[in-house]
Amino acid sequence: MSDVLQTIDQLVKSHRVVLFMKGSAQFPMCGFSGRAVQILKACGATDLHTVNVLDDEAIRQGIKSYANWPTIPQLYVKGEFVGGSDIMMEMYEAGELQQLLTT
Ligand SMILES: N[C@@H](CCC(=O)N[C@@H](CS)C(=O)NCC(=O)O)C(=O)O
Ligand code: FES
């Protein structure tokens with residue numbers, strides 16, 4: 001595994017809920033990332049760890065190959081890739097994201 005993939009692996013394994021996004025939870029820099037944060041807040045997620053890919057070009061590119069997903073945002077829960085903002089919204093509407101975050 002390359003250095004950046006190892007860094008990403010460490011990040012997703014050392015926090016329960018990790019969102020790779022553009023900007024921060026307080027100041028999202030893209031509507032898709034903002035939507036992801038809003039969904040997580042609506043689920044009552046309190047232990048959210050965010051990684052701003054705009055601060056690190058290697059992570060911005062590396063995260064696309066890590067879970068073979070071409071876009072940002074990307075949500076990881078308990079070390080597992082969950083999806084981008086569309087998948088998060090679908091899971092939220094089905095009640096599945098809330099369940100994943102509370103178990
Ligand atoms: N449909 C995607 C929307 C996300 C998206 O299209 N992200 C783009 C624009 S922010 C992206 O990450 N492009 C590659 C890049 O900016 O490096 C989702 O469900 O999350
Ligand atoms: S930064 Fe342009 S769509 Fe996300």
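Because the structure is predicted, anything quoted here is derived from the model rather than measured. In each ligand, atom 1 is the first atom listed, and ligand 1 is the first ligand listed.
Taking distance alone, with nitrogen or oxygen atoms compared against 3.5 Å, Ile87 stays at or beyond that limit from ligand 1.
Listed by number with element, the atoms of ligand 2 under 4.0 Å from a non-hydrogen atom of Phe32 are 3 (S). Atoms of ligand 2 lying under 4.0 Å from at least one heavy atom of Cys30, given by number and element, are 1 (S), 3 (S), 4 (Fe). Taking every non-hydrogen atom of Gly84 and a distance limit under 4.0 Å, the qualifying atoms of ligand 1 come out as 19 (O), 20 (O). Here is the list of ligand 1 atoms found below 4.0 Å of a heavy atom in Asp86: 1 (N), 18 (C), 19 (O). The atoms of ligand 1 that sit less than 4.0 Å from any heavy atom of Cys30 are 10 (S).
Remark: among candidates Val53, Thr71, Ile63, Leu54, the nearest residue to atom 5 (C) of ligand 1 is Thr71, based on non-hydrogen atoms.
Looking at atom 10 (S) of ligand 1, its nearest protein heavy atom turns out to be Lys22 NZ, 3.1 Å. Considering only non-hydrogen protein atoms, atom 7 (N) of ligand 1 sits nearest to Ile72 O, 3.0 Å.
When heavy-atom distances to ligand 1 are checked against a 4.0 Å cut-off, Ser85 comes that close through both its backbone and its side chain.
Ligand 1 has Lys64 within reach: a non-hydrogen atom of the residue lies less than 4.0 Å from it.
Atom CG of Asp3 sits in a sparse spot, with 12 or fewer heavy atoms from other residues, nucleotides or ligands closer than 6.0 Å.
In the hydrophobic cluster analysis, where Ile, Leu, Val, Met, Phe, Trp and Tyr join through side-chain heavy atoms closer than 4.5 angstrom, Val4 is grouped apart from Leu54. Taking hydrophobic clusters as Ile, Leu, Val, Met, Phe, Trp and Tyr residues chained together by side-chain heavy-atom distances below 4.5 Å, Phe32 does not share a cluster with Met88.
Of the candidates Ile63, Val17, Val51, Ile63 is the only one forming a side-chain contact (heavy atoms from CB on, under 4.5 Å) with Tyr76.
Inspection of the Gln10 and Gln6 side chains reveals no N or O donor paired with an N or O acceptor under 3.5 Å.
Using modelled atom types, no side-chain atom of Asn52 and backbone atom of Lys22 make a donor-acceptor pair closer than 3.5 Å.
For the pair Leu11 and Tyr66, the minimum side-chain heavy-atom distance is 4.5 Å or more. Between Leu75 and Ile39 there is no side-chain heavy-atom pair separated by less than 4.5 Å.
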